[in-house]
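These figures come from a predicted structure and were not determined experimentally. Below, read A as the first sequence line, B as the second, and so on, with proteins coming before strands; counting in each chain starts at 1.
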Amino acid sequence: MTGLENSKYFCLDLIPSMDKDHFYHRVLNEFEEISSLQYQETPSRLPENRVPIGFFCPYIPEELLHAAGALPFRLMGSPVKLSHSPAHLPPGCCHFVKSSLESLLRGELDFLKGIVFSQTCDAMQGLSDIWAFQKRSPLLFNFMTPTHLNSETARPFLKAEMERFKKFLETHLGEVTPQNLAQAIRLFNRTREKIGEIYELRRTSPSRIPETHFAHIIRAGYLMDRSRYLELLKELINSLPHGEAREDSLVPLYLAGNMVHSAPYFSLIEEAGARVVSDNLCSGERFLRLMTREDIDPIDALTERYFASFLCPTKHRGARAPIDALLKEAEDSGAKGAVFLFYKYCEPHYFDYPDLKKALEARGIPSLLLEIDDPATSQGQLKIRIQAFVEMLSPL
Amino acid sequence: MTDRKLNANPYRPIKSTAAYRRLMAAYYLMVKHPSWFGKKIAWITSGGPVEPLYAMGVLPFYPENYGAMCGASRMSSSLCEAAEHQGYSHDLCTYALTDLGSCFTGKGPIGRLPKPDFLVCGNNICATVIKWYEIQARAFGVPLFFLDTPFFHDDLHEHTLRYVEKQMEDYIEFLENRMKRAFPEKRFKKVGSRSFETISLWREILDLAVNRPAPFAAFDAFIHMAPIVTLRGTRWAVRYYQKLKRELEERVQKGVGAFAREEIRLIWDNIPIWYDIRNLSKMLSSNGAVLVADTYTSAWAMEEPHLTQTLDGMARAYATIHLNRGLEYKMEKMVKLVEKFGADGFIMHSNRSCKPYSVGQYDMRREVTRRTGKPGLIIEADHTDSRSYAPQQVERQIGMFLEIIKNKQQGTK
Ligand code: SF4
Ligand code: SF4
């Protein structure tokens with residue numbers, strides 16, 4: 001606990017702006033520190049009262065993990081050199097999958113007491129089996145999210161998976177009481193609301209939260225104790241420095257892809273004179289759509305939300321859904337251009353891409369495709385391409 | 001490869017191949033001109049439940065089987081290039097790229113592909129097909145039925161089975177709506193029992209290769225598998241496999257093998273390298289090596305073929321096929337194949353654009369060797385697109401691998 005959680009700071013509007021600045025940077029530093037930690041440095045920073053359990057994507061109901069006393073710890077890939085994983089994975093897997101296995105084999109993830117996979121793409125499916133075969137994670141669970149998300153038939157199946165997961169957690173971690181779960185749902189909902197506010201703020205006065213700060217804020221939320229995260233988010237919003245009204249000199253962009261919020265990419269965009277006004281990253285705006293109803297049975301509520309509006313390219317909601325969802329968001333955001341930031345070899349995204357690009361172009365939104373193989377080596381190339389794209393979109 | 005060496009181990013062609021060619025020509029004629037036969041066409045994935053389609057009188061077209069044809073006739077690379085030209089990534093499954101390329105150009109062994117009336121997609125083989133079929137549903141503006149079969153890592157849970165069963169009902173409803181007529185239960189029973197018969201025949205045929213010498217090689221099975229995929233549930237397929245089985249049984253009785261010499265018996269894992277089958281077959285046989293079984297064609301020799309006779313049974317059968325199951329199952333299956341067919345080793349094709357077959361193979365190779373004591377070789381290729389294939393390197397690797405086996409055999413003599 002730090003003094004920041006103290007209630008007296010909740011009215012930061014009354015505090016002089018110098019102090020606000022000070023608070024903002026203190027909170028931001030904590031986010032930055034956490035989001036920049038290497039796996040080896042992580043164990044000393046973990047909350048003592050929670051069992052760290054790894055997971056990869058938002059199809060895992062983090063609320064259940066939290067309610068069982070776990071710290072849901074999201075694996076987001078790392079720019080690690082691949083030396084062990086090539087003996088287990090063929091070259092055609094994305095770097096996200098490869099680097100996660102590499103970290104496991106190096107022993108860097110030994111602090112995790114378990115890992116949860118969900119059914120998404122073929123590479124991830126294979127990774128789960130290979131991971132299990134190494135026998136390094138004491139606990140491993142496959143959460144079988146249905147692939148058909150506009151099907152009434154899939155609902156009872158997903159609900160049964162929720163129950164099966166709950167039972168697994170209760171056997172190995174701790175009881176999930178209805179109260180605990182309802183509390184966890186509230187906590188994650190409030191967090192999503194705060195993140196939503198941050199997105200809104202960035203749309204109306206972008207200079208108040210620069211791109212890299214934004215990436216750190218989002219990323220940290222998947223790695224730290226969630227109650228503390230919510231407190232810090234509140235502090236951050238209250239202590240934000242005043243910004244001027246909308247600056248039109250920055251080119252508004254829409255960011256799509258499978259890279260989670262990662263500061264280097266955001267800083268490249270910023271340096272090029274652009275800003276991300278909206279995204280469909282699964283660590284970003286897509287996460288906001290996981291709002292869970294608080295007025296019905298919690299397991300029903302967790303089940304229902306995936307059918308409400310959540311969609312990623314590994315799931316099916318009808319043949320036109322990927323296009324319609326993207327067009328609506330990109331147009332509503334007022335972006336002048338779209339950037340697709342994909343891991344090389346990511347089939348789900350690359351299959352959608354040509355039709356998405358065409359649909360955007362038909363609405364007058366040009367796009368740029370950036371492919372990431374090894375994040376450690378591709379920065380220089382990306383910089384030039386982003387700059388050229390942003391320049392093309394800037395007023396003459 | 002010198003001719004002298006090749007002649008030293010001549011291949012004995014299977015006579016039924018002529019009937020096979022006629023059969024597939026007739027099938028593709030119908031597919032190409034469905035209106036001549038008053039048929040509607042459904043495009044369907046290789047692991048999709050085809051029996052209800054035949055029961056409804058709908059003709060299935062299999063883009064994957066067609067992709068194999070394009071690969072074998074070496075037309076696939078240019079079709080993939082055409083798809084890449086439209087923005088599709090080079091790294092996508094080349095069955096999908098071949099199909100998309102065919103649609104963009106109207107080219108391929110049968111020319112322009114038949115327009116589907118609707119699409120049936122099952123993700124029991126991979127997640128790739130969902131995206132691929134979404135694209136085609138948009139391009140053709142036709143309805144898509146999607147059968148979702150959750151992957152089966154370890155246990156088959158009751159609720160998973162219920163989920164797939166319920167979708168079989170949805171499938172029938174979908175077909176009734178499309179065809180504007182009731183689902184013919186009686187006909188379905190007939191189709192189901194023919195499907196059962198076909199699968200049983202296919203399994204019995206594959207099992208004949210336990211004999212020494214094996215009456216046919218896996219390379220033959222790769223060719224003769226087309227009817228089990230495309231015509232499962234029809235009389236044609238039953239008749240054809242009865243004929244093929246008779247011929248191969250005769251070979252067994254007379255002690256005739258696919259090749260004159262059979263010194264090394266091998267198992268193959270993954271989809272064939274369609275464009276190089278002939279060359280690889282020659283290369284192996286010249287060294288006295290024969291592929292006696294494989295994981296690709298045996299995927300259609302279901303362990304419980306009777307399941308295809310009822311809708312609920314079909315749910316279980318289609319939810320538990322080879323590619324929808326975890327690594328431990330696949331390892332165990334490979335071990336069983338090695339043991340059952342008395343193999344001296346195994347070759348794994350690490351297929352750059354098919355993940356469900358290829359992710360996990362490296363661990364599988366080590367583990368199968370550990371459990372059986374037999375060596376395994378991994379070769380890099382792609383199932384239909386030859387552009388990144390290095391045949392000489394593969395031949396070298398196979399040559400060295402066969403030497404190891406020969407040395408081992410000599411050591412134990
Ligand atoms: S969805 Fe794409 S980026 Fe994510 S694990 Fe699968 S292949 Fe990799
Ligand atoms: S990815 Fe593999 S299983 Fe899927 S369609 Fe392609 S070749 Fe078949």
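B:Cys93 is listed as a side-chain neighbour of A:Glu347, based on a closest heavy-atom distance under 4.5 Å. The side-chain heavy atoms of A:Ile130 and B:Tyr362, taken from C-beta on, include no pair separated by under 4.5 Å.
Using a 4.5 Å cut-off between heavy atoms, B:Thr128 contacts chain A through both its backbone and its side chain. Residue A:Pro156: no heavy atom, backbone or side chain, is found under 4.5 Å from chain B. For a residue to count as touching a neighbouring chain, one of its non-hydrogen atoms must lie under 4.5 Å from one of that chain's; by this rule B:Asp91 touches chain A with backbone and side chain alike. The contact between B:Glu367 and chain A is made entirely by side chain atoms (from C-beta outward), counting heavy-atom distances below 4.5 Å. With a threshold of 4.5 angstrom between heavy atoms, A:Lys315 approaches chain B through N, CA, C or O but not through any side-chain atom. With a 4.5 angstrom heavy-atom cutoff, B:Ala96 touches chain A only via side-chain atoms. Only the side chain of B:Met331 comes within contact range of chain A, judged by heavy atoms closer than 4.5 Å. Of the two parts of A:Pro313, the backbone and the side chain both hold a non-hydrogen atom closer than 4.5 Å to a non-hydrogen atom of chain B. When heavy atoms are compared at a cutoff of 4.5 Å, A:Ala132 does not approach chain B at all. For A:Gln134, the part lying near chain B is the side chain, with the backbone staying farther off; criterion is any non-hydrogen pair under 4.5 Å. Of the two parts of B:Arg366, only the side chain, counted from C-beta on, holds a non-hydrogen atom closer than 4.5 Å to a non-hydrogen atom of chain A. A:Tyr350 touches chain B through backbone and side chain together, each having a heavy atom under 4.5 Å away. Neither the backbone nor the side chain of B:His90 comes within contact range of chain A; no heavy atom of the residue lies under 4.5 Å from a heavy atom of that chain. Interface residue B:Thr160: backbone and side-chain heavy atoms are both found under 4.5 Å from chain A. A:Phe133 touches chain B through its side chain: at least one heavy atom from C-beta onward sits under 4.5 Å away, while N, CA, C and O do not. For B:Cys354, no part lies near chain A; criterion is any non-hydrogen pair under 4.5 Å.
Annotation: A:Lys358, atom NZ; neighbour count of heavy atoms from other residues, nucleotides and ligands within 6.0 Å is above 12.
A distance of 15.0 Å separates OG1 in A:Thr153 from OH in B:Tyr171, rounded to the nearest 0.5 Å. To the nearest 0.5 Å, the span separating CG on B:Leu144 from NE2 on A:His316 amounts to 5.0 Å. Atom CZ of A:Phe351 and atom OH of B:Tyr88 lie 8.5 Å apart (nearest 0.5 Å). Residue B:Tyr163 holds its OH atom at 7.0 Å from NE2 of A:His148, rounded to the nearest 0.5 Å.
Each of B:Arg138, B:Gln86, B:Lys166, B:Arg352 has some count of heavy-atom pairs under 4.5 Å with chain A, and the biggest count is that of B:Arg138. Considering only heavy-atom pairs separated by less than 4.5 Å from chain A, the leading option among B:Asn123, B:Ile135, B:Ile378, B:Leu119 is B:Ile135. In terms of heavy-atom pairs under 4.5 Å with chain B, the best-connected choice from A:Asn142, A:Leu369, A:Leu127 is A:Asn142. Between chain B and the residues A:Thr145, A:Thr314, A:Thr120, A:Ile323, the most heavy-atom pairs under 4.5 angstrom are made by A:Ile323. Ranked by heavy-atom pairs under 4.5 Å with chain B, the first of A:Gly126, A:Ala319, A:Gly318 is A:Ala319. By number of non-hydrogen pairs under 4.5 angstrom with chain A, the leading residue of B:Val359, B:Leu92, B:Leu327, B:Leu100 is B:Leu92. Annotation: maximal heavy-atom pairing with chain A below 4.5 Å, among B:His153, B:Glu169, B:Glu134, occurs at B:His153. In terms of heavy-atom pairs under 4.5 angstrom with chain B, the leader among A:Arg164, A:Lys344, A:Lys357, A:Arg320 is A:Arg164.
Taking all atoms of both residues into account, the shortest heavy-atom contact from B:Phe151 to A:Met144 is O-CE, 3.2 Å. Pairing each heavy atom of A:Pro90 with each of B:Ser350, the nearest pair is CB-OG, 4.1 Å. Taking all atoms of both residues into account, the shortest heavy-atom contact from A:Tyr345 to B:Lys355 is O-NZ, 3.4 Å. Closest of all the heavy-atom pairs between B:Cys126 and A:Asp122 is CB-OD2, 3.4 Å.
Aromatic pair B:His159/A:Phe157: ring centres closer than 6.0 Å.
No donor-acceptor pair under 3.5 Å is formed between the side chain of A:Gln119 and the backbone N or O of B:Pro150.
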